[in-house]
2 protein chains.
Amino acid sequence: MSHTFPTDPPSRTAAGQHWRTVATLKGIPDATVARLPVYLRALNQLGEQRIDTISSGALAEAAGVNSAQLRKDLSYLGSYGTRGVGYDVQYLRLQIGRAVGSAHDWPVIIVGLGNLGTALANYSGFYSHGFRVVGLIDTSPELVGKRIHGLAISDLSELEDVVARTGAVIAVIATPAEAAQAVADRLVYLGVTSILNFAPTVLVVPDGVNVRKVDLGQELQILAYHEQRKTDDSSQVLAESRGTSS
Amino acid sequence: MSHTFPTDPPSRTAAGQHWRTVATLKGIPDATVARLPVYLRALNQLGEQRIDTISSGALAEAAGVNSAQLRKDLSYLGSYGTRGVGYDVQYLRLQIGRAVGSAHDWPVIIVGLGNLGTALANYSGFYSHGFRVVGLIDTSPELVGKRIHGLAISDLSELEDVVARTGAVIAVIATPAEAAQAVADRLVYLGVTSILNFAPTVLVVPDGVNVRKVDLGQELQILAYHEQRKTDDSSQVLAESRGTSS
DNA sequence: GGACGTTTGTGAATGACTGCACAATCTGTT
DNA sequence: AACAGATTGTGCAGTCATTCACAAACGTCC
Ligand SMILES: NC(=O)c1ccc[n+]([C@@H]2O[C@H](COP(=O)([O-])OP(=O)(O)OC[C@H]3O[C@@H](n4cnc5c(N)ncnc54)[C@H](O)[C@@H]3O)[C@@H](O)[C@H]2O)c1
Ligand SMILES: NC(=O)c1ccc[n+]([C@@H]2O[C@H](COP(=O)([O-])OP(=O)(O)OC[C@H]3O[C@@H](n4cnc5c(N)ncnc54)[C@H](O)[C@@H]3O)[C@@H](O)[C@H]2O)c1
């Protein structure tokens with residue numbers, strides 16, 4: 001799922017001799033990590049409703065997953081439930097938040113402020129989850145200098161400066177696809193180690209850098225595939241012609 | 001991945017007695033379906049470069065996957081390669097397009113034209129991949145009547161009309177989270193069977209309806225998790241304290 | 001036309017994830 | 001203090017996904 005393959009020893013100063021091993025030992029499975037934010041969101045909603053305790057069954061339903069899965073997922077974080085009772089909403093919220101890293105307040109840079117980038121920059125949902133937009137970068141002279149929520153858009157040439165000043169390690173790329181790889185290279189060179197990419201391109205990055213891609217077209221095509229299968233009865237005929245074993 | 005749990009027999013008129021079984025028989029694995037659009041994108045780029053034949057190795061690299069995986073994925077569609085040579089770019093493009101359903105031109109409705117919805121509506125990348133925005137829906141009196149790319153925004157009350165007229169079965173939800181479930185219910189009731197949801201909520205829909213969620217906050221939290229693990233040396237200490245077996 | 005290098009398609013091995021089923025553990029009640 | 005009901009945490013088996021490794025098939029060159 002992640003595009004990171006930590007085969008080389010990291011250049012970090014970390015104490016561990018074999019990082020890979022440690023990661024595998026303690027590491028929360030990718031599939032679980034991907035679900036933790038969902039649980040967190042559900043817990044937040046529950047918290048606002050003054051619910052202070054919840055069972056795995058109820059929380060699982062709110063999150064749209066199997067309850068055994070929920071329990072197993074949570075068990076990777078520790079034993080934070082009480083048998084016969086359930087989970088304390090506030091406490092669990094805290095623990096998942098800590099595991100996921102929203103305890104910190106992560107500074108984030110957005111590169112490319114066209115349609116999409118601007119929408120993202122305006123999005124308030126960021127802040128409520130431990131992220132803070134601290135840098136806006138574009139190349140268009142028409143955009144540079146403009147302010148969004150009080151934050152001025154800087155030129156690409158000032159990228160180094162912005163990264164250094166804000167200490168951001170997470171960046172969002174919302175430039176046209178052609179520019180994305182160059183931007184990513186530059187970001188990585190400046191020390192950014194996590195990239196959320198909205199441009200429809202496969203980014204190539206060194207080990208140790210995490211990339212996640214959000215691709216609207218891709219999502220729609222996946223939906224279209226299922227849509228097509230619903231109507232297409234001929235898919236069953238095709239099934240016969242191929243030797244589908246077992 | 002999909003939030004659809006086809007436990008009950010679908011209320012559809014489809015011929016198959018056990019949909020689940022049929023799907024499993026011929027069905028292309030979910031993981032593969034999710035990658036097909038990536039291959040398609042890579043092929044499109046290659047096609048523009050006048051490359052007419054490509055090996056699994058080269059295409060796999062462009063798509064960022066293992067070459068064996070690419071071949072296996074493609075083998076679900078049929079045997080479209082030539083041993084010793086590779087794949088014909090145009091032909092393969094056609095075949096994947098057909099499988100994924102971009103051969104049709106899918107009409108799509110967007111509900112909620114705030115920051116994000118407007119950006120989506122303006123996005124031209126839609127059209128180039130077999131999707132056509134045919135309906136825009138919002139509740140805000142300030143937005144209703146406004147035009148985006150020549151298409152007028154309709155009020156929510158006209159939703160039925162719009163769906164019926166356009167025959168759309170795919171919809172994008174970009175409303176605030178609070179409104180999302182109600183909108184989804186309404187859409188489903190009107191015959192929409194695929195939803196791309198940008199609101200940070202788990203949508204509950206009947207069997208047979210496909211939902212895909214795009215959640216920015218979630219993506220960032222996943223990045224933050226990995227970020228945290230990179231720096232956090234204490235994670236190793238924590239690893240010890242928990243009884244991590246074997 | 002046969003030998004050679006290349007590349008596909010796929011069986012089989014390995015690995016990751018999911019869901020079931022149940023013992024362990026808790027609260028409240030009699 | 002023992003019991004009943006509820007709910008967690010987890011071993012295990014089944015399912016799904018990835019990767020390896022190689023025979024089968026192709027084009028080319030001599
Ligand atoms: N708009 C959408 O709804 C949408 C949806 C899905 C994907 N996308 C993708 O997201 C990306 C952005 O989409 P958009 O609609 O906002 O496009 P856009 O053209 O409106 O915006 C792109 C912005 O990036 C800036 N830019 C170009 N090169 C740059 C560089 N090297 N460094 C910094 N900034 C640079 C441009 O000046 C422009 O402001 C595209 O790759 C698009 O395919 C957009
Ligand atoms: N803006 C972003 O970058 C961003 C990023 C990630 C997720 N999101 C999510 O996407 C959704 C939309 O975000 P946004 O920034 O565009 O919000 P927004 O407030 O700008 O837009 C919401 C729009 O939905 C309309 N609306 C409200 N109720 C409606 C209903 N019942 N039917 C139809 N339309 C309705 C509103 O009139 C408004 O125009 C939110 O759920 C948000 O959390 C946004």
Side-chain angles (χ1 to χ4, degrees), chain A residues 1-3 5 7 20-21 23-25 27-36 38-39 51-61 63-89 91-92 95 241-246, chain B residues 1-7 20-21 23-36 38-39 51-61 63-89 91-92 95 242-246:
Chain A
M1 197 145 289
S2 136
H3 285 252
F5 304 101
T7 44
R20 176 60 178 279
T21 311
T24 312
L25 273 181
I28 300 174
D30 281 353
T32 295
V33 172
R35 279 187 297 267
L36 289 179
V38 180
Y39 304 154
I51 294 168
D52 51 354
T53 281
I54 190 165
S55 72
S56 63
L59 184 52
E61 194 184 339
V65 302
N66 178 293
S67 74
Q69 179 148 263
L70 175 84
R71 288 198 298 278
K72 181 152 291 189
D73 283 344
L74 293 184
S75 79
Y76 288 113
L77 310 185
S79 286
Y80 298 138
T82 311
R83 292 168 187 223
V85 178
Y87 299 89
D88 180 280
V89 172
Y91 185 62
L92 186 57
Q95 292 303 332
S241 71
R242 290 188 55 247
T244 352
S245 64
S246 87
Chain B
M1 198 143 289
S2 136
H3 285 250
T4 314
F5 304 102
T7 44
R20 178 60 179 277
T21 311
T24 312
L25 271 181
K26 133 91 190 173
I28 300 174
D30 281 352
T32 295
V33 171
R35 279 187 297 266
L36 290 179
V38 181
Y39 304 154
I51 294 169
D52 51 354
T53 281
I54 191 168
S55 71
S56 63
L59 184 52
E61 193 184 339
V65 302
N66 179 296
S67 75
Q69 177 147 260
L70 175 85
R71 288 197 299 278
K72 180 149 285 187
D73 283 345
L74 293 184
S75 79
Y76 289 113
L77 311 185
S79 286
Y80 297 138
T82 313
R83 293 170 188 224
V85 178
Y87 299 89
D88 181 281
V89 171
Y91 186 63
L92 186 57
Q95 292 302 332
R242 289 187 55 243
T244 354
S245 65
S246 89

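Everything numeric here is computed off the predicted structure, so don't read it as measured data.
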How many Å lie between [atom1] on [X] and [atom2] on [N], as a whole number?
| X | N | atom1 | atom2 | value |
| --- | --- | --- | --- | --- |
| B:Arg71 | C:dG11 | CZ | C1' | 13 Å |
| B:Tyr76 | C:dT8 | OH | C1' | 16 Å |
| A:Gln69 | D:dT7 | CD | P | 20 Å |
| B:Ile54 | C:dT8 | CD1 | C1' | 14 Å |
| A:Arg35 | C:dA16 | CZ | C1' | 12 Å |
| A:Leu74 | D:dT10 | CG | P | 12 Å |
| B:Asp73 | C:dT8 | CG | P | 14 Å |
| B:Tyr87 | C:dG9 | OH | C1' | 7 Å |

Subject >> Gap between atom CD1 of A:Ile28 and atom CG of A:Leu74 - 0.5 Å precision >> reply: 10.0 Å

For the side chain of [X], counting heavy atoms from C-beta on, which of [options] is nearest?
| X | options | answer |
| --- | --- | --- |
| B:Arg83 | C:dT18, D:dG9, D:dC26 | D:dC26 |
| B:Asp30 | D:dG9, D:dC20, D:dA17 | D:dA17 |
| B:Asn66 | D:dC20, C:dC26, C:dG19 | D:dC20 |

**OP:** Using a cut-off of strictly less than 4.0 Å, decide whether A:Ser56 has a side-chain nitrogen or oxygen near OP1 or OP2 of D:dT7.
**Re:** no

**OP:** Measure across B:Tyr80 and B:Tyr91 and return the closest heavy-atom pair with its distance rounded to 0.1 Å.
**Re:** CD2-CE2, 3.7 Å

**OP:** Decide if atom CD of B:Glu61 counts as having more than 12 heavy atoms of other residues, nucleotides or ligands within a radius under 6.0 Å.
**Re:** no

Original post:
Quick one: does B:Arg71's side chain get under 4.5 Å of B:Ser67's, heavy atoms only?
Top reply: yes

Original post:
Are the side chains of B:Tyr39 and B:Leu92 in touch, meaning some heavy atoms are under 4.5 Å apart?
Top reply: no

Original post:
Could a donor-acceptor pair under 3.5 angstrom be found where the side chain of A:Lys72 meets the base of C:dG19?
Top reply: yes

**OP:** Select from B:Ser55 and A:Val85 the residue whose nearest nucleotide in DNA chain C is closer to the 5' end of that strand.
**Re:** B:Ser55

